Q: 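The structure under discussion is supplied below as structure tokens; questions concerning it will follow.
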Amino acid sequence: MYMPSKQYKLPREEYVAGNGLLHRRTFLTSSIAFFSVASSSLVPNKLIGQENYPVSMLLPGAPLSGYGLRSKFESHVQRYVGTTAGTTGAGSSRTPLEKLSGIITPNGLHFERHHSGIPDIDPEQHQLLIHGLVDRPLVFDINTLLKYPMVSRTQYIECSGNSRPNLASTAPDLNCGQIHGMISCCEWTGIPISVLLQEAGIKSNAKWVLAEGADAAAMTRSIPLSKAMDDTMIALFQNGEALRPENGYPIRVILPGYEGNISVKWLRRLMLSDTPIMTKDETSKYTDLQKDGRSEIFTLEMGVKSVITSPSGGQFMQHRGIYEIKGLAWSGTSKIKRVDVSADGGLTWAEAMLSNPILSKSLTQFRLPWDWNGQHAIIMSRAIDEDGNAQPTRDAFIDEKGLQVNYHNNIIQSWEVSSQGEITNTYV
Amino acid sequence: MSRWLTLIILSAMIMPLWAQSSPNLGAVPGAEFLSQWSTSIDPWGNGLPEGSGNAIKGRPTYLAKCAACHGLQGEGLINDRLVGGHATLQDARAIKTVGSYWPYATTLYDYIRRAMPYNSPHTLTNDETYDLTAFILFMNGIISEDQQINQANLPDIIMPNKNNFFSNEFELP
């Protein structure tokens, strides 16, 4: 069903930037309807059954259940799994950001990055040791930890290798989740790590805390003590239920805004020390190779970043007319202050609407109406956080860091819309 | 009753509450437990176990337990390349290996001990781990084939890329 956009007759002043971007409040004041990408035409369902009711109303439905599953019609919404050769459990899976809505990632779709598979841990057998530069080492079991007062915080975790496909010299033909899906956001509930460290008694020369996982890679990372004492927690719950095995069951570390690898899963040991331990994953991996051949180490804070999730790569716009550009923005140090959107490849920008809640080191949704004229367009978003950090253009990022840096890619994402409505990943 | 006395009594009632504001439910581990769990090795070699090894003894162990993933000469196969890549870190395609990139030999011992071989970690003896460490260092031209390495001299081995790591934020070892 073809619906030309001219029927809306939007006032000229609603157009605030090039190539059809509308003021962020347009949809609040108009009765316009949005197209959704790849939508079907709006023909009413054929009514069946003797009373002209849908089948679902003619028989009692399925029984109750102890643990609910999503509709079978949603089973196509899956993580994008990439497994390291020769293994079954190492590698990563990425969250299909473009198929989700809101800031919370469902537990079954949280991205994964494992270095030697997912351990199957019996919480009755699991222990957490705190030792090193402490007055008295302590050991906790899970039932003991469950007795502690807990806090809940909505935080994202982003792998510092997220968006690495776009560090290739030519833009790969991948969709939003395949490129950027190593970020997820949950409400995490657990114990501030400072509480347990203080119970052990922190010696005055301690500056770092080594965290060790109980997986077959025995993942170890050194955490700055200042961060541990600030907003780090030992999480036991994820979106209200116990952590999923692939997210660290029964306990993991959550370091808000830091690169994901340091939020060690399956936590078994915290060792206080006066220097970082310089483990394999904080030296040979997760270090940022500079253009001069040197490497910056402990680049722990993630940068400010955003991505348009709809319309985005692999999707299709059937009609010219009004769409809602939607996306996610985040910062590793503070709250998102503003997101700008461009529909003309970065020549002009319009400020997007931010949806509440806007939380520090969490995902924030943004949206902006767009009147697509059916012509070629390049849509982009750039985020600015409360600390004044702005997401870099591709040229600025390459100029400062170079493509060899391998981690912490927060370059502005560009999606190219063809005159046929096909959307692909592109570089500007 | 004087105000001071009231204050002292009130303080005496409140202080224990403060002291107890943290649950303090942890148990104190025994010495054996602590020693078994203390399994990380820092750049000074703290945590290295007793034992020793060399590349001559490491070669057969490497071929049997490592080469299937890392290649017969550490050239990389289905998993990371371990050898070579020296002086490529300024190239468009930098080759990061133990020899060209890793800053500490102690980290190599620590990682082999905690995570390798991939399919059967924690099966190597301390001496086998020293042997493998020596063999990988030897393949990278960092030590000689017959050099004996142990907990005393492994921290002294200077890795070629050691001085090329920096931090603008943290003090490094």
Side-chain angles (χ1 to χ4, degrees), chain A residues 84-87 90 115-116 128-132 136-141 144-145 147-149 169 195-196 198-200 207-208 210 212 216-220 224 268-269 271 273 275-281 283-285 287 289-301 403-404 406, chain B residues 21-30 33-34 37-44 46-47 68-69 77-80 87-94 96-98 101-104 106-108 110-116 118-122 161 163-173:
Chain A
T84 306
T87 76
H115 295 73
S116 196
L128 169 66
L129 171 67
I130 299 176
H131 70 134
R136 52 170 195 154
L138 292 175
V139 62
F140 297 87
D141 59 29
T144 303
L145 293 175
K147 293 174 182 155
Y148 274 72
S169 53
V195 171
L196 300 183
Q198 280 167 336
E199 287 188 352
K207 287 182 184 162
W208 293 81
L210 182 85
E212 180 180 71
M219 174 59 63
T220 42
R268 75 191 290 261
R269 188 164 73 95
M271 182 182 77
S273 59
T275 71
I277 298 301
M278 309 304 267
T279 70
K280 170 255 188 182
D281 280 282
T283 55
S284 75
K285 311 283 182 184
T287 45
L289 182 61
Q290 314 287 299
K291 284 190 274 194
D292 65 3
R294 298 192 308 148
S295 289
E296 188 171 1
I297 189 169
F298 298 116
T299 50
L300 303 174
E301 280 176 354
L403 295 175
Q404 84 295 326
N406 214 28
Chain B
S21 66
S22 199
N24 275 305
L25 301 176
V28 177
F33 181 104
L34 267 179
W37 280 52
S38 297
T39 54
S40 37
I41 297 162
D42 68 20
W44 296 275
N46 294 311
C69 290
L77 205 57
I78 58 175
N79 219 302
D80 283 6
T88 65
L89 297 180
Q90 293 181 56
D91 299 352
R93 289 189 177 275
K96 296 179 185 172
T97 72
V98 174
Y101 199 68
W102 289 41
Y104 299 103
T106 47
T107 305
L108 182 57
D110 177 75
Y111 184 62
I112 295 171
R113 183 170 71 160
R114 71 177 48 254
M116 290 291 128
Y118 180 85
N119 286 318
S120 52
H122 308 294
N161 197 43
N163 293 325
N164 289 324
F165 287 86
F166 70 97
S167 171
N168 292 320
E169 193 176 352
F170 300 105
E171 193 180 333
L172 298 181

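From a predicted model like this one, the values you see are computed outputs, not experimental measurements. The figures that follow rest on heavy atoms only: side chains count, while hydrogens, waters and symmetry mates do not. In the text below, chain A, chain B and the rest are named by the order of the sequence lines, each starting its count at 1.
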Q: Between A/G293 and B/N164, what is the shortest heavy-atom contact and its length?
A: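 Looks like O-CB, 4.4 Å.
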
Q: Between B/P121 and A/S116, is any pair of side-chain heavy atoms under 4.5 Å apart?
A: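 Side chain of B/P121 against side chain of A/S116, heavy atoms only: no contact under 4.5 Å found.
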
Q: Under 4.5 Å, counting heavy-atom pairs only, tell me which of A/A217, A/A85, A/P137, A/A200 racks up the most with chain B.
A: A/P137

Q: Does any part of the side chain of A/S284, heavy atoms only, come nearer than 4.5 Å to the side chain of B/V98, both counted from C-beta?
A: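 Sidechains of A/S284 and B/V98: no contact.
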
Q: A/I130 versus chain B, heavy atoms under 4.5 Å apart: side chain, backbone, both or neither?
A: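 A/I130 has no heavy atom closer than 4.5 Å to chain B.
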
Q: Quick one: what part of A/K280 sits under 4.5 Å from any heavy atom of chain B, side chain, backbone, both or neither?
A: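 Answer is both: backbone and side chain atoms of A/K280 are under 4.5 Å from chain B.
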
Q: Is it the backbone or the side chain of B/Y111 that comes under 4.5 Å from a heavy atom of chain A, or both, or neither?
A: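 The side chain, not the backbone.
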
Q: Test side chain to side chain donor-acceptor pair (under 3.5 Å) on A/T283 and B/Y101 and set out the steps.
A: CA-CA 9 Å; A/T283 55; B/Y101 199 68; over 6 Å; no

Q: Would you say the side chain of A/Q290 lies within less than 4.5 Å of the side chain of B/L89, judging by non-hydrogen atoms?
A: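 Heavy-atom side-chain distance check fails, nothing below 4.5 Å.
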
Q: Under 4.5 Å between any side-chain heavy atoms of B/L25 and A/Y148, yes or no?
A: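 Sidechains of A/Y148 and B/L25: in contact.
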
Q: Is any side-chain heavy atom of B/W44 closer than 4.5 Å to a side-chain heavy atom of A/T275?
A: yes

Q: Considering only heavy atoms, which portion of A/M271 lies under 4.5 Å from any heavy atom of chain B: side chain, backbone, both, or neither?
A: side chain

Q: For B/K96 versus A/L289, what's the shortest heavy-atom pair and its separation?
A: CE-CD2, 4.1 Å

Q: With a 4.5 angstrom heavy-atom cut-off, is it the side chain or the backbone of B/F170 that approaches chain A, or both, or neither?
A: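 Just the side chain, heavy atoms under 4.5 Å.
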
Q: Quick check: do B/E171 and A/K207 have side-chain heavy atoms less than 4.5 Å from each other?
A: yes

Q: In terms of heavy-atom proximity below 4.5 Å to chain A, should B/P103 be classed as side chain, backbone, both, or neither?
A: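 For B/P103, the contact with chain A is made by the side chain alone.
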
Q: Heavy-atom distance under 4.5 Å to chain B: side chain of A/A90, backbone, both or neither?
A: both

Q: According to salt bridge (charged side-chain N to carboxylate O under 4.0 Å, His left out), who are the partners of A/R269, at least two apart in sequence or on a separate chain?
A: A/E212

Q: Given a strict heavy-atom distance threshold of 4.5 Å, which part of B/I41 is in contact with chain A: side chain, backbone, both, or neither?
A: backbone

Q: When heavy-atom pairs shorter than 4.5 Å are enumerated against chain B, which of A/L210, A/T287, A/T84 gives the highest number?
A: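 Greatest number of close heavy-atom pairs with chain B: A/T287.
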
Q: Please classify the contact between B/D80 and chain A as side chain, backbone, both or neither, with a heavy-atom cut-off of under 4.5 Å.
A: side chain

Q: Which answer fits A/D141, side chain, backbone, both or neither, if we ask what part of it has an atom under 4.5 Å from a heavy atom of chain B?
A: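 It is neither, since no heavy atom gets under 4.5 Å.
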
Q: For the residue pair B/F166 and A/S295, establish whether any side-chain heavy-atom pair is separated by less than 4.5 Å.
A: no

Q: For the candidates A/M219, A/R268, A/K291, which exhibits the highest count of non-hydrogen atom pairs separated by less than 4.5 Å from chain B?
A: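 Most heavy-atom pairs under 4.5 Å with chain B: A/R268.
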
Q: Against chain B, work out which of A/V139, A/T87, A/I277 has the most heavy-atom pairs shorter than 4.5 Å and name it.
A: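 Most pairs with chain B among the choices: A/V139.
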
Q: Please rank A/G132, A/P149, A/A216, A/P224 by heavy-atom pairs under 4.5 Å with chain B and give me the top one.
A: A/A216

Q: With heavy-atom distances below 4.5 Å as the criterion, would you say the side chains of A/H131 and B/S38 are in contact?
A: yes

Q: Please classify the contact of B/T88 with chain A as side chain, backbone, both or neither, using a heavy-atom distance under 4.5 Å.
A: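 Looking at B/T88, nothing touches chain A.
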
Q: Give, as side chain, backbone, both or neither, the part of B/T106 having an atom under 4.5 angstrom from any heavy atom of chain A.
A: neither

Q: Looking at residues at least two apart in the chain, or sitting in another chain, which of them share a salt bridge (charged side-chain N to carboxylate O under 4.0 Å, His left out) with B/D110?
A: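 B/D110 satisfies salt bridge (charged side-chain N to carboxylate O under 4.0 Å, His left out) with B/R114 once adjacent residues are dropped.
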
